[in-house]
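Down below is the structure, laid out as structure tokens.
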Amino acid sequence: MWNELSGTIPKEIGNMTSLKLLLLNGNKLSGSLLDELGYLSKLNRLQVDQNYMSGPIPKSFVNLVNVKHLHMNNNSFSGQIPSELSKVPTLLHFQFDNNNFRGTEIPASYGNLSQLAKISLRNCSLQGEIPDFSRIPSLSYLDLSWNQLSGSIPSHRLSHNMTTIDLSDNQLNGSIPESFSDLPSLQKLSLENNLLTGSVPAMWWKISFSTRARLKLDLRNNSLSNISGELNPPTNVTLRLEGNPICKNASIQNVGQFCQSEAGGDGIPDGSTNSTQTMTCPSQACPIDNFYEYVPSSPVPCFCASPIIVEYRLKSPSFSYFPPYSQKFEIYLTRSLHLSLYQLSIDSFFWQEGPRLRMHLKLFPMFINPHSNTFNFSEVHRIRGVLTSWELPLTDFFGPYELLNFTLLGPYSNMIIDPRRMGIRKGILAAIITGAVASFVILSATVMLLITRCLRHRDRPPSRRHSSSKITMKIDGVKEFTFKEMTLATRNFDSSTQLGRGGYGKVYRGILSDDTIVAIKRADEGSLQGEKEFLTEIELLSRLHHRNLVSLVGYCDEEGEQGEVPTALRTIEWSTSQLSLVCKRAIASKKF
């Protein structure tokens with residue numbers, strides 16, 4: 001995610017049938033989505049948003065029977081939106097904003113997506129009528145704005161979970177459905193710039209507001225001429241009526257204050273900074289100049305501790321206003337990280353384009369005694385491992401997340417977390433194609449997972465000593481190395497050259513005949529895979545090119561031996577030289 005990967009998605013990815021995460025968003029990928037991606041029946045999340053991709057959405061995606069998140073927004077996809085996607089039983093988030101499905105309609109069968117929590121098709125040049133989504137019991141977020149949709153708004157009541165309805169900037173006519181008044185969780189109703197007629201429903205009288213709730217009703221630039229009930233909404237409701245005939249109806253009391261272009265604003269703040277109550281604690285007892293501070297919600301008064309700073313972003317939340325759900329989020333995150341509730345403080349949050357919600361979080365150590373004011377190394381390692389390994393359980397309401405920064409300051413500033421120990425954890429059955437601008441270490445672990453996880457569940461022959469299949473291939477720039485060359489490079493795999501161990505073999509430091517320093521990985525007994533998988537890997541690795549990824553130089557398949565020589569990389573995040581293990585049965589090199 002968020003690198004500068006270019007080119008097209010290789011079709012060989014379709015052979016990786018154990019793949020669960022394919023996260024390619026925020027790159028410079030082009031070309032079309034391949035039918036072969038439909039072979040990934042175990043895929044849970046597909047993110048290709050914010051690239052330069054085009055062409056139609058493959059109908060083969062109907063075979064993605066376990067996918068929960070489809071994020072295709074901000075590309076140039078065209079053609080029909082496949083009605084077949086309505087047969088995907090697990091789909092939670094359907095986000096296709098800012099594409100070009102010109103002249104096509106939203107399939108009526110999408111109203112049968114029974115698990116759907118969010119559907120967003122903003123600015124897709126769609127035509128036709130709005131389907132009936134009332135049969136989706138958990139739907140929370142509906143955005144069909146900036147299209148050419150016409151006809152009336154379906155009158156059936158939507159899910160009680162609805163927080164956001166945005167149908168603005170279309171060509172909708174008829175009246176505003178009374179059923180919108182029976183949505184207790186509604187935060188935002190945007191119907192501006194349409195052709196709606198009739199009366200403005202006084203829906204605020206039928207919705208029970210908490211003190212932290214907000215409701216924004218934007219009805220500007222329609223043909224609304226009256227109000228059903230009294231026009232005196234509570235202070236936590238923002239109503240905008242300018243550009244409607246009702247603004248000229250002098251018989252309606254107070255109408256003028258809702259018809260001014262500057263009146264009310266959006267009503268939903270873009271962000272917030274935590275303003276905790278001032279503690280009566282001695283300032284000199286907590287050295288803030290060394291990144292210590294009093295824990296805001298500590299059960300023990302004046303508990304001074306040093307937090308870990310985390311920049312965290314909700315990629316596709318199903319709400320428009322965060323404060324009513326902040327405690328729910330705190331419970332979700334602390335439980336996922338196995339922390340107590342008081343150990344998390346949401347220092348600030350603000351909305352970004354998407355909309356995405358970015359948060360500045362502080363994680364505090366648990367109070368054990370007055371001197372337990374920092375996390376120990378193993379806890380820092382564990383927390384970071386959970387966040388970087390996508391181990392947090394996804395919820396349909398908060399959606400996928402992005403870890404933007406994990407900052408160790410003050411007493412943690414000298415901590416060096418071994419990237420080999422930070423590898424993807426044992427329980428994750430996922431392979432991820434992604435990069436990390438902030439951390440080459442995470443990038444290396446991720447790409448290694450992409451190559452190895454797909455083969456882990458395949459049938460294995462009894463022993464590599466009894467399995468020898470000489471592979472013949474010819475790919476530009478890919479060289480076949482002999483086992484003798486690898487032996488010489490590592491002094492016969494001498495233990496003094498061993499650097500570590502990966503998921504299926506030991507890693508050695510080697511020097512090739514041209515003095516190139518490399519890392520050589522030799523597979524353990526019984527780890528040899530089949531010929532088809534081997535060819536697929538080499539073909540795939542030969543096509544992956546990125547400034548942070550190693551280049552594939554060659555492979556060794558002599559007498560059943562498997563050799564891997566990933567690039568030796570100098571990592572930035574940990575300010576130390578590390579050898580990153582990237583590919584299997586392959587040789588990759590880069591000079592220090």
Side-chain angles (χ1 to χ4, degrees), residues 1-3 21-29 44-51 53 68-75 92-99 116-124 139-146 162-166 168 187-188 190 214 216 266-274 309-326 328-330 332-333 336 344 346-361 387-388 390 392-407 432 434-438:
M1 300 183 292
W2 300 105
N3 285 274
L21 299 178
L22 185 54
L23 312 180
L24 295 169
N25 52 298
N27 285 291
K28 297 180 179 180
L29 297 173
N44 177 275
R45 190 170 6 143
L46 176 58
Q47 293 177 191
V48 296
D49 47 298
Q50 295 185 281
N51 278 288
M53 303 190 70
K68 293 184 178 181
H69 297 270
L70 288 178
H71 294 256
M72 310 283 184
N73 45 297
N74 297 295
N75 282 284
L92 295 176
H93 281 211
F94 187 91
Q95 192 151 340
F96 281 56
D97 307 323
N98 300 314
N99 282 291
L116 203 63
K118 180 172 184 176
I119 180 168
S120 193
L121 288 163
R122 180 178 67 251
N123 189 32
C124 287
L139 189 64
S140 300
Y141 195 105
L142 175 65
D143 188 350
L144 305 178
S145 60
W146 290 95
M162 289 300 303
T163 67
T164 304
I165 302 174
D166 193 344
S168 60
Q187 296 179 331
K188 178 180 178 181
S190 295
R214 295 289 186 275
K216 173 191 174 183
D266 284 345
I268 298 181
D270 289 332
S272 176
T273 301
N274 187 14
I309 309 300
V310 175
E311 291 289 336
Y312 187 98
R313 183 162 61 195
L314 296 179
K315 180 176 173 59
S316 181
S318 296
F319 52 85
S320 295
Y321 183 56
F322 181 54
Y325 302 106
S326 60
K328 181 179 178 181
F329 173 78
E330 291 170 350
Y332 153 72
L333 187 58
S336 301
L344 170 63
I346 303 176
D347 190 60
S348 62
F349 68 86
F350 59 95
W351 288 94
Q352 295 181 316
E353 186 178 0
R356 297 171 293 173
L357 184 62
R358 181 164 180 164
M359 288 181 272
H360 183 80
L361 308 178
L387 291 172
T388 58
W390 286 277
L392 293 183
L394 294 184
T395 71
D396 55 354
F397 193 71
F398 295 119
Y401 71 93
E402 297 172 320
L403 179 65
L404 304 180
N405 281 300
F406 186 90
T407 307
I432 304 164
T434 184
V437 173

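Hydrogens, waters and symmetry mates are skipped; everything else that's a heavy atom, side chains included, is used. From a predicted model like this one, the values you see are computed outputs, not experimental measurements.
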Straight-line distance of Tyr141 OH to Met162 CE, nearest 0.5 Å: 9.5 Å
Side-chain touch Phe329/Pro317, heavy atoms, less than 4.5 angstrom: no
Heavy-atom donor-acceptor pair, His93 side chain to Ala117 backbone, under 3.5 Å: no
pair Tyr332-Thr395: side-chain heavy atoms closer than 4.5 Å: yes
CZ-CG distance between Phe406 and Leu387, expressed to the nearest 0.5 angstrom: 6.5 Å
Thr407 side, atom OG1; Leu361 side, atom CG - distance, nearest 0.5 Å: 11.0 Å
Under 3.5 Å: donor-acceptor pair, side chain of Asp49, backbone of Met72: no
Between CZ on residue Arg313 and CG on residue Leu403, distance to nearest 0.5 Å: 10.5 Å
Leu121 side chain reached by Phe94 side chain, heavy atoms, under 4.5 Å: yes
Side chain Ser140, main chain Thr163, donor-acceptor under 3.5 Å: no
Side-chain heavy atoms of Leu344 within contact of Leu333, under 4.5 Å: yes
Parallel, tilted or perpendicular: ring planes of Phe319 versus Tyr325, cut at 30 and 60 degrees: tilted
Side chain Asn75, main chain Met53, donor-acceptor under 3.5 Å: yes
Check: Asn405 and Ile309 side chains under 4.5 Å, non-hydrogen atoms: no
Pair Asn73, Asn98: side-chain N/O donor-acceptor within cut-off below 3.5 Å: no
Test item: Asn51 side-chain N/O and Asn27 main-chain N/O as donor-acceptor pair under 3.5 Å: yes
From OG (Ser120) to CG (Leu142), nearest 0.5 Å: 8.5 Å
Closest non-hydrogen atom pair between His71 and Pro400, with its separation: NE2-CG, 3.9 Å
Sub-4.5 Å side-chain heavy-atom contact between Arg214 and Lys216: no
Side chain to side chain, Gln47 and Lys315, heavy atoms closer than 4.5 Å: yes
Flag side-chain contact, heavy atom, 4.5 Å: Ser316 against Lys118: yes
Tyr401 OH to Met359 CE distance, which is reported to the nearest 0.5 Å: 12.0 Å
Partners meeting side chain to side chain donor-acceptor pair (under 3.5 Å) with Ser145 (sequence neighbours left out): Asp143
Step-by-step side-chain contact (heavy atoms from CB on, under 4.5 Å) determination, Val48 to Leu29: CA-CA 9 Å; Val48 296; Leu29 297 173; 5.8 Å; no
Contacts of type salt bridge (Lys or Arg N to Asp or Glu O under 4.0 Å), residue Asp97, not counting sequence neighbours: Arg122
Donor-acceptor contact below 3.5 Å, side chain Ser326 vs main chain Phe322: no
